[in-house]
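Worksheet for the structure shown next.
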Amino acid sequence: MRVYNTLSSKKEEISTLNPHKVNMYVCGPTTYNYIHLGNARPLVVFDTVRRYLAFRGYEVKYVQNFTDVDDKIINRAREEGDDPLLLAQRYIEEYFKDADALGIKRADIHPRVSQHIPEIVAAIQTLVEKGFAYEMEGDVYFRVRAFHDYGKLSGRSLEDMLAGARVEVDERKENAADFALWKAARPGEPAWKSPWGEGRPGWHIECSVMSTNYLGDTLDIHGGGSDLIFPHHENEIAQAEALTGKPFVKYWMHNGFITVNNEKMSKSLGNFFILRDILAQYPADVVRFYLIATHYRSPLDFDDGKLEEARKALGRLKTTLLLAAEFLNDDLPQAAEIKGKALDFVGAVANYRNEFIEAMDDDFNTAKAIASVFEISHCINSYLAAANRGDAMDQAAVKAAVAIYQELGDVLGIFMKQAKNEETLLAGVLEILVWLRKEARTARNFALADNIRDFLKNLGISVEDGEHGSRLRYEESPQIDELMVYLLSLRQEFKAHKDYARSDSLRDKLKEQGIILEDSREGARWKFADV
RNA sequence: GGGCGGGUGGCGAAGAGGCUAACGCAGUGGUCUGCAAAAUCACCAUUCACCGGUUCAAAUCCGGUCCCGCCCUCCA
């Protein structure tokens, strides 16, 4: 496996400290509001990296921090008249809602700055003792000049930085590039006791301390957005290596940015899209698909059309799952041996699986890996078109192929089950049944009307006909699948009697409710419109 | 100004010296179908920002030019 290492600016063969394990640290959010799509990219990217490493047999230890002590949190809290730590806590909870919805596996540890103050203070003290830091009126600064490798990650020298300095330099600092490790408390801010008086940690020190605290002096992989390379990650290296004297990180991974109209999506530009607003419109796996259809280091431009395209593309992949599920019949015996055409088919699928692995092994090339998934989708679709549902060998072959297909889709996290909106869909389907019954009664087709009522009664749903239409009463929610099976059997009846007007209007009604019908030889299958 | 990365069909996006320049979206034609959808088969870049160079061979390497993004300030 190879990974692009920002530190060396090239792809390197991955060789972890322990051959079977990977230690991974990813910079998490500063929790002062909801996360936006740009924040979601590293989440999905590194979640995919993690899944893939696990797929390749690594035991992954994953740590992601929360910055819950920070200027922006304090400012926000002040605006809202809230306590900074409580506000941060609230947005951590909101963060988890979003991340869970996106199918992001929780980190093994989610450390917070506020819970690691003693360790941070101790680290700063050591840095002062070693001559890497100095105190100044209650502030403590890192002495950049004392750390000779400073700039090795971002590829710039101290001179470069000073040449381009856009910030007003604090005259008290020994060097303009020195950065704060500890900030003296100002009134009304959260503060902790320290040898330099009351104060709070600077932004960079938390990551150095918490990552090494949980993962050891040297991490295998450290990830984050590419805007963190300088100064954040550069400073992390300086702090950690000054502390331990050992290399801090073996492989630095940085994801590219999401842009809107070719401008970085950011809070300061105001051109950001809140993740949960997007998730209200598009299923999570569509969002994941969109985010990994481009290589993680490339910039990714966002507009509505992109998600729409992702939805269509992913819908194609999921149709294969649907077609296969319809074909597979667990009641039939399976052939012990797969040979001939069936063997060629399974072989082709296995071959694309290898291509998938090759692509992912090469710096997590998800875009290329997805191409292999599409190839498998094609293989399965075409095989299905000619396969015989009663053939034991066909059954076995399709089952084997689908297992591979599902496995790869799961590694990418793009085959999520859609549990959401079940309630709405259910209500919609019931409404259609009521409508159908009303039509039948108007046409004096009482056989059909009664049939519908009896069916509903069997499910524990009573129909009450009143002046203004019919009402349904039920204690327990019926299974939407049962309703659909019944509805489709009615439609088959209509079609058998060449009553296309009615079968088509039924199809249209379902479409309005977000359920799409596709007729096939065996009957009709249904799927949700949003994927 | 300094550092980093990039410009590939109508659109998105892989490819990083030599196979027909993947894959997806959109589009066109055929099969299937009562219709639609889905699926399927076929077609859809002689050319990879531009100009030079290296090489038997360049989208891929080198030099130059023009554009674009990111970082140098909090940001994923």
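Residue numbers start from 1 in every chain, and the chains themselves are labelled A, B, ... in the order their sequence lines are given, proteins ahead of strands.
- Between the NZ atom of Lys11(A) and the C1' atom of rG15(B) there is a distance of 10 Å, rounded to whole Å.
- Within the structure, a side-chain polar atom (N or O) of Asn365(A) is placed less than 4.0 Å from OP1 or OP2 of rG15(B).
- Put simply, the side chain of Arg491(A) gets close to the backbone of Ser503(A): a donor and an acceptor are under 3.5 Å apart.
- Of the listed nucleotides (rC75(B), rA13(B), rG34(B)), rC75(B) has the atom at the smallest distance from the side chain of Ser266(A).
- Between the NZ atom of Lys511(A) and the C1' atom of rA38(B) there is a distance of 12 Å, rounded to whole Å.
- Neither OP1 nor OP2 of rA39(B) sits under 4.0 Å from any side-chain N or O of Ser382(A).
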Footprint string (nucleotides 19-24 of chain B, 5' to 3'): B base within contact, S backbone only, - free, heavy atoms under 4.0 Å = ---BSB
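- The side chain of Arg41(A) lies closest to rA76(B), out of rA76(B), rA14(B), rG69(B).
- With distances taken from any side-chain atom of Arg156(A) to the nucleotides rG2(B), rG12(B), rC75(B), the minimum falls on rG2(B).
- A cation-pi contact links Arg502(A) to Phe494(A), judged by a cut-off of 6.0 Å to the six-membered ring centre and 45° from its axis.
- Counting any heavy atom pair closer than 4.0 Å across all strands shown, Ser298(A) reaches sugar-phosphate atoms only and no base atom.
- Remark: RNA chain B takes part in the stems B:1-7 with B:66-72, B:10-12 with B:23-25, B:27-31 with B:39-43, B:49-53 with B:61-65, each of 3 or more antiparallel Watson-Crick or G-U pairs, criterion distances under 3.5 Å.
- At the heavy-atom level, Asp519(A) lies under 4.0 Å from base atoms of the strands shown.
- Closest to the Arg525(A) side chain, of the nucleotides rA38(B), rC75(B), rC35(B), is rA38(B).
- Residue side chain Tyr500(A) meets the stacking definition with respect to rG34(B): its ring centre sits within less than 5.5 angstrom of the base's six-membered ring centre, and the planes differ by less than 30 degrees.
- Taking the ring centre of Phe96(A) as origin, the terminal cationic atom of Arg106(A) falls inside the region bounded by 6.0 Å and 45° from the ring axis.
- The side chain of Lys264(A) lies closest to rC70(B), out of rA38(B), rC70(B), rC35(B).
- Between Leu323(A) and Lys498(A), it is Lys498(A) whose nearest contact on RNA chain B lies nearer the 5' terminus.
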